[in-house]
Amino acid sequence: AEEYYRIVERIDKNRNAKEKKMESTEAFRAQLPNCFQHKVICAKCGKRMVFKRKANSQGNIDTAYSYYQCSSYKQRCAGKRPMIHQSILKVVVMANIRNLIRTACDRKKMLDQIERDVGSQFPVQKLTRKAGYLEARLTELEQRITKAYEDHTEGVLDLDDYRCIKERLTSEKQTIQNQIADIRTKMQCVSDAVQRFRQWAGQFENCMECDTYSQELVDSLVKEIRISDEDHIEIVFSCEDVYRNAVIETLFQEVENDF
């Protein structure tokens with residue numbers, strides 16, 4: 001029992017010491033918040049980097065700074081311990097965000113202008129033309145099947161020839177029907193992807209000229225930051241599925257080729 005109470009007393013003492021330390025460093029922590037909490041990853045070992053604050057030897061918070069450092073370098077990271085100052089990271093991240101927003105908004109403007117010039121069906125025009133061609137081909141096959149039946153009833157074709165022609169034309173007809181179904185599905189995917197891209201890019205149009213750090217943009221756009229060193233920083237955006245959608249990329253390649 002005596003040992004138990006000593007343990008409880010030690011726990012309470014440690015808890016009180018921690019609370020006092022937190023109170024004494026509240027201003028220090030408020031001045032240097034963790035802007036990229038749970039987002040900074042060591043590219044060498046894949047572990048999340050630790051956020052740290054540091055003041056000078058006199059404890060002057062006016063000259064304090066914060067940084068991220070890999071905590072598992074001894075076990076996993078070969079060479080120099082990955083570390084980066086948060087002030088540098090804020091500049092790099094905002095530059096990438098501005099570039100992302102500027103590119104997205106430019107693409108949206110391009111889509112809007114082409115749609116005004118060509119029409120609302122622009123994103124699926126080529127697919128619509130292809131579907132129209134296949135539908136005309138389908139009608140032609142149906143007419144040929146009907147003609148073969150008429151020839152058979154009139155005695156021009158015997159039963160075996162009629163069945164052979166019908167089987168071949170029906171097989172070709174089924175193939176074209178499947179192609180048309182695939183095109184219709186792709187048209188819907190393209191339309192949905194374009195709509196999602198427009199909605200996503202539209203919400204950031206007012207941020208194109210943002211020249212200061214924005215925690216709101218970081219929280220909404222940045223998924224992960226991978227650090228090798230100060231010269232090798234990779235930003236992973238949470239909007240990759242919208243911005244770098246394969247359908248959207250293909251569409252813009254066609255735009256660049258056609259216009």
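The two residues A148 and L157 have their closest heavy-atom pair at O-CD1, 3.7 Å. Contact record, V92 with N96: O-ND2, 2.8 Å, taken as the closest heavy-atom pair. The shortest non-hydrogen separation linking Y67 to H85 is CB-CA, 3.9 Å. Contact between K108 and E205 at its shortest, heavy atoms only, is NZ-OE2, 3.5 Å. Of all heavy-atom pairs spanning M94 and T212, the tightest one is CE-O, 3.4 Å. Taking every heavy atom of both residues into account, F51 and L32 meet most closely at CZ-O, 3.6 Å.
Taken from CD in E135 to OG1 in T139, the straight-line distance is 7.5 Å, to the nearest 0.5 Å. C105 contributes atom SG, which lies 10.0 Å from atom CD of Q203 (distance to the nearest 0.5 angstrom). If you take CG on L127 and CE on M187, they are separated by 6.0 Å, rounding to the nearest 0.5 Å. To the nearest 0.5 Å, atoms CG (L89) and NZ (K39) are separated by 11.5 Å. Between the CG atom in L134 and the CD atom in Q179 there is a gap of 5.5 Å [rounded to 0.5 Å]. Distance CG/D192 to CZ/F197: 15.0 Å, rounded to 0.5 Å.
Note on ring orientation: taking the six-membered ring where Trp is involved, the planes of W200 and F204 are perpendicular (angle over 60°, cut-offs 30° and 60°).
Listed for the S238 side chain is a donor-acceptor partner under 3.5 Å among the backbone atoms of L221. In this structure, the side chain of R226 does not engage the main chain of A43 through any donor-acceptor pair within 3.5 Å. Between the side chain of S171 and the main chain of E167, no donor-acceptor pair closer than 3.5 Å is present. Panel note: side chain K130, backbone I183; no donor-acceptor pair is recorded below 3.5 Å.
M83 is connected to Y65 through a chain of hydrophobic side-chain contacts under 4.5 Å among Ile, Leu, Val, Met, Phe, Trp and Tyr, so both are in one cluster. Criterion: ILVMFWY side-chain heavy atoms under 4.5 Å apart, direct or through other members. Under it, V50 and F36 are not part of a common hydrophobic cluster. A continuous path of ILVMFWY side-chain contacts below 4.5 Å connects I233 to V40, so both sit in one hydrophobic cluster.
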Practice problem: Walk me through it: do L100 and C239 pass the test side chain to side chain contact (heavy atoms under 4.5 Å, CB included)? | Solution: CA-CA 10 Å; L100 172 76; C239 55; 4.0 Å; yes

Quiz prompt | CA sep, side-chain torsions, deciding dist, call: D106, M110, side chain to side chain contact (heavy atoms under 4.5 Å, CB included) | solution = CA-CA 6 Å; D106 286 347; M110 183 189 301; over 6 Å; no

Quiz prompt | Step-by-step side chain to side chain contact (heavy atoms under 4.5 Å, CB included) determination, C35 to V218 | solution = CA-CA 8 Å; C35 297; V218 169; over 6 Å; no

Practice problem: Any chance you could lay out the side chain to side chain contact (heavy atoms under 4.5 Å, CB included) test for Y68 and I227, step after step, and finish with the verdict? | Solution: CA-CA 9 Å; Y68 296 89; I227 309 291; over 6 Å; no

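Applying the salt bridge (Lys or Arg N to Asp or Glu O under 4.0 Å) rule to pairs touching residues 92-102 yields nothing, sequence neighbours excluded. Residue pairs meeting the side chain to side chain donor-acceptor pair (under 3.5 Å) criterion with at least one partner in residues 146-158, sequence neighbours excluded, are K147-D151.
Atom OH of Y133 is surrounded by 12 or fewer heavy atoms from other residues, nucleotides or ligands within 6.0 Å.
With contacts defined as side-chain heavy-atom distances shorter than 4.5 Å, the pair R184/I180 qualifies. Between R144 and R168 there is a side-chain heavy-atom pair separated by less than 4.5 Å. Contact check for V93 versus Y213: no side-chain heavy atoms found under the 4.5 Å cut-off. The shortest side-chain heavy-atom distance between L138 and E142 falls under the 4.5 Å cut-off. At a threshold of 4.5 Å between non-hydrogen side-chain atoms, the residues C70 and K44 do not count as touching.
R163 pairs by the salt bridge (charged side-chain N to carboxylate O under 4.0 Å, His left out) definition with nothing, not counting sequence neighbours.
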